[in-house]
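Contents: one structure, followed by commentary.
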Amino acid sequence: MSLQAYFLPSTLPVHKEGSTFWGIPLSENARTEFKPSVSRSTNRVSISLGVRAQAAVTTPNISRATPEGKKTLRKGNVVITGASSGLGLAAAKALAETGKWNVVMACRDFLKAERAAKAAGMAKESYTVMHLDLASLDSVRQFVENVRRAGMPLDVLVCNAAVYFPTAKEPTYTADGFEMSVGVNHLGHFLLARELLEDLKTSDYPSKRLIIVGSITGNTNTLAGNVPPKANLGDLRGLAAGLSGVNGSTMIDGGEFDGAKAYKDSKVCNMLTMQEFHRRFHEETGVTFASLYPGCIATTGLFREHIPLFRLLFPPFQKYITKGFVSEHEAGKRLAQVVSEPSLTKSGVYWSWNKNSASFENQLSQEASDPEKAKRVWELSEKLVGLA
Ligand code: LMG
Ligand code: NDP
Ligand code: PMR
């Protein structure tokens with residue numbers, strides 16, 4: 001544990017490796033997704049590191065005076081979970097390239113993240129890798145402590161990491177005994193976001209944001225959201241019983257385990273959580289809370305567990321048939337916009353992009369926008385992660 005490299009600021013002198021048809025508006029002006037006519041492992045890396053991160057990181061200046069006497073904004077600090085591949089990596093790269101952000105890549109596989117950043121051509125001084133395994137609440141708490149010890153203000157948090165087990169016959173579990181998909185995608189992020197809200201609050205950055213990545217497949221007001229199995233949280237009886245399968249079910253609605261449904265349910269929780277954050281904290285803190293569907297990034301690691309035939313056909317299917325496909329690069333730019341665009345400061349919004357890649361406020365399904373359900377998911381989640 002003492003040698004666990006959970007935080008390597010890139011300034012440390014250590015070796016580093018380092019449109020559309022379905023799902024998006026059919027008309028130029030439409031502002032809703034396509035509505036179907038059917039109504040209704042931890043890989044902890046040990047590195048010999050003599051230096052603890054907190055000693056090496058300095059708080060950036062709030063502002064610097066330029067020779068002309070104008071004040072420029074300090075670099076923002078953004079934490080992105082799951083930045084070792086796919087959307088998270090592409091967004092990290094896009095933000096790093098602006099020169100305006102220090103990206104904290106919060107990843108379960110430290111070396112993979114370092115290599116990914118390097119392979120993506122991210123400049124050393126633009127990022128920091130910190131260890132975070134969302135499948136362990138202890139790791140989440142440790143990560144929060146490490147962020148605080150690093151002494152940098154936290155300006156934006158992006159909850160991006162996710163796992164998807166579409167072919168699993170049996171559930172797998174997090175260190176705390178929660179079914180893995182909801183445990184990682186929702187509960188790990190729920191604890192992380194609740195804890196780091198305190199840090200966002202104290203940041204002096206002009207636009208502080210907390211972003212939770214959602215998806216079209218959790219929204220049953222779209223065709224994509226109607227591909228079985230459909231998301232449905234039911235009366236939350238499984239969540240209330242702890243998702244452990246002991247004295248209850250591994251599924252939020254109390255049903256039989258289904259990996260694809262568990263993923264979609266977790267995305268509903270992500271979108272509900274964002275809105276509940278908005279209702280509870282936006283006015284008090286000024287933090288912008290937002291979610292998004294970046295498009296179908298059919299080539300990412302998310303589908304690694306799917307059968308090879310699916311992985312072969314899914315990208316051309318999305319490219320040529322649904323036309324919902326976006327590249328990792330394009331999706332990364334979209335997430336980066338939600339992190340930093342001055343025009344996207346509205347809170348409580350679920351962003352999507354039309355066929356011209358213009359952002360718009362999208363409509364969530366009835367379940368994914370149900371305030372009562374959001375409140376209950378929040379309260380039950382608080383209990384499960386030890387906040388209540
Ligand atoms: C569930 O199945 C699984 O049970 C579950 O385990 C989990 O994986 C879950 O969401 C994930 O999915 C869902 C089931 C829903 O899905 C299917 O995906 C079956 C697809 C069957 C289609 C087989 C046709 C194969 C033909 C190959 C054609 C190749 C085309 C490639 C593109 C080339 C472009 C030049 O199933 C349904 O609900 C069926 C709904 C039917 C909707 C019909 C829509 C018509 C669209 C036709 C497109 C066919 C292309 C299929 C590509 C497959 C990619 C998924
Ligand atoms: P990837 O699999 O490429 O990225 C997921 C990331 O999450 C990886 O970096 C992965 O780490 C990380 N991760 C997984 N488990 C954990 C864990 N226990 N602790 C910490 N990190 C973890 O998938 P995508 O880029 O596609 O997914 C990113 C987000 O986008 C997800 O929230 C997904 O739901 C969402 N999304 C994706 C869509 C798509 O079409 N791909 C569409 C809509 C939304 P590692 O590299 O170590 O595996
Ligand atoms: Mg879907 C109508 C357009 C559309 C869009 C935008 C998506 C996105 N999908 C669409 C349609 C269809 N899909 C249709 C008609 C089918 C039946 C052939 C279909 C099937 C399908 C499967 C089997 N689609 C899938 C799967 C998956 O396993 C993916 C999934 O559900 O992951 C949870 C998936 C997805 N389709 C999408 C998107 C964005 C995904 C994956 C990612 C996600 O939600 O994060």
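Everything numeric in this text was worked out from a predicted model, so none of it was measured. Remember, it's 1-based here, ligands and their atoms both numbered in the order they're listed.
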TODO: Quick one: look at Leu302 and ligand 2, take heavy-atom pairs under 4.0 Å, and tell me if it's side chain, backbone, both or neither.
DONE: both
- [ ] Give the atoms of ligand 2, by number and element, whose distance to some non-hydrogen atom of Asp133 is under 4.0 Å.
- [x] 17 (C), 18 (N), 19 (N)
Task: Under-4.0 Å heavy-atom contact with ligand 3, by part of Lys264 that carries it - done: side chain
TODO: Check whether any N or O atom of Leu134, backbone or side chain, sits under 3.5 Å from an N or O atom of ligand 2, and answer yes or no.
DONE: yes
- [ ] Kindly write out the residues that satisfy side chain to side chain contact (heavy atoms under 4.5 Å, CB included) with Leu384, not counting sequence neighbours, or none if the list is empty.
- [x] Phe178, Leu187, Leu239
Open item on the list: With a heavy-atom distance limit of 4.0 Å, tell me whether Phe303 approaches ligand 2 through its side chain, its backbone, both, or neither.
Closed with: side chain
- [ ] Could you list which atoms of ligand 2 come closer than 4.0 Å to a heavy atom of Arg304?
- [x] 2 (O), 48 (O)
Open item on the list: Distance under 4.0 Å to a non-hydrogen atom of Tyr263: what atoms of ligand 2 satisfy this?
Closed with: 33 (C), 34 (O), 36 (N)
TODO: Would you mind telling me if ligand 3 is within reach of the side chain of Leu302, the backbone, both or neither, using heavy atoms under 4.0 Å?
DONE: side chain
Open item on the list: With heavy-atom distances below 4.0 Å as the criterion, list the atoms of ligand 2 near Lys112.
Closed with: 45 (P), 46 (O), 48 (O)
TODO: Using distance alone, determine whether Gln318 and ligand 3 share an N or O pair under 3.5 Å.
DONE: yes
Task: Within reach of ligand 3, part of Pro166 (heavy-atom separation under 4.0 Å) - done: neither
TODO: Would you check the N or O atoms of Ile297, main chain and side chain alike, for any that come under 3.5 Å of an N or O of ligand 2?
DONE: yes
- [ ] Identify, with sequence neighbours excluded, every residue that meets side chain to side chain contact (heavy atoms under 4.5 Å, CB included) alongside Ser249.
- [x] Met251
Task: ligand 2 atoms in contact with Val163 (distance to a heavy atom under 4.0 Å) - done: 14 (C), 15 (N)
- [ ] For Leu132, counting its heavy atoms only, list the atoms of ligand 2 lying under 4.0 Å from any of them.
- [x] 19 (N), 20 (C)
TODO: Looking only at distances, please establish whether an N/O atom of ligand 3 is found under 3.5 Å from an N/O atom of Thr322.
DONE: no
Open item on the list: Distance under 4.0 Å to a non-hydrogen atom of Gly214: what atoms of ligand 2 satisfy this?
Closed with: 43 (C), 44 (C)
- [ ] For ligand 2, find out whether one of its N or O atoms is nearer than 3.5 Å to an N or O atom of Asp109.
- [x] no
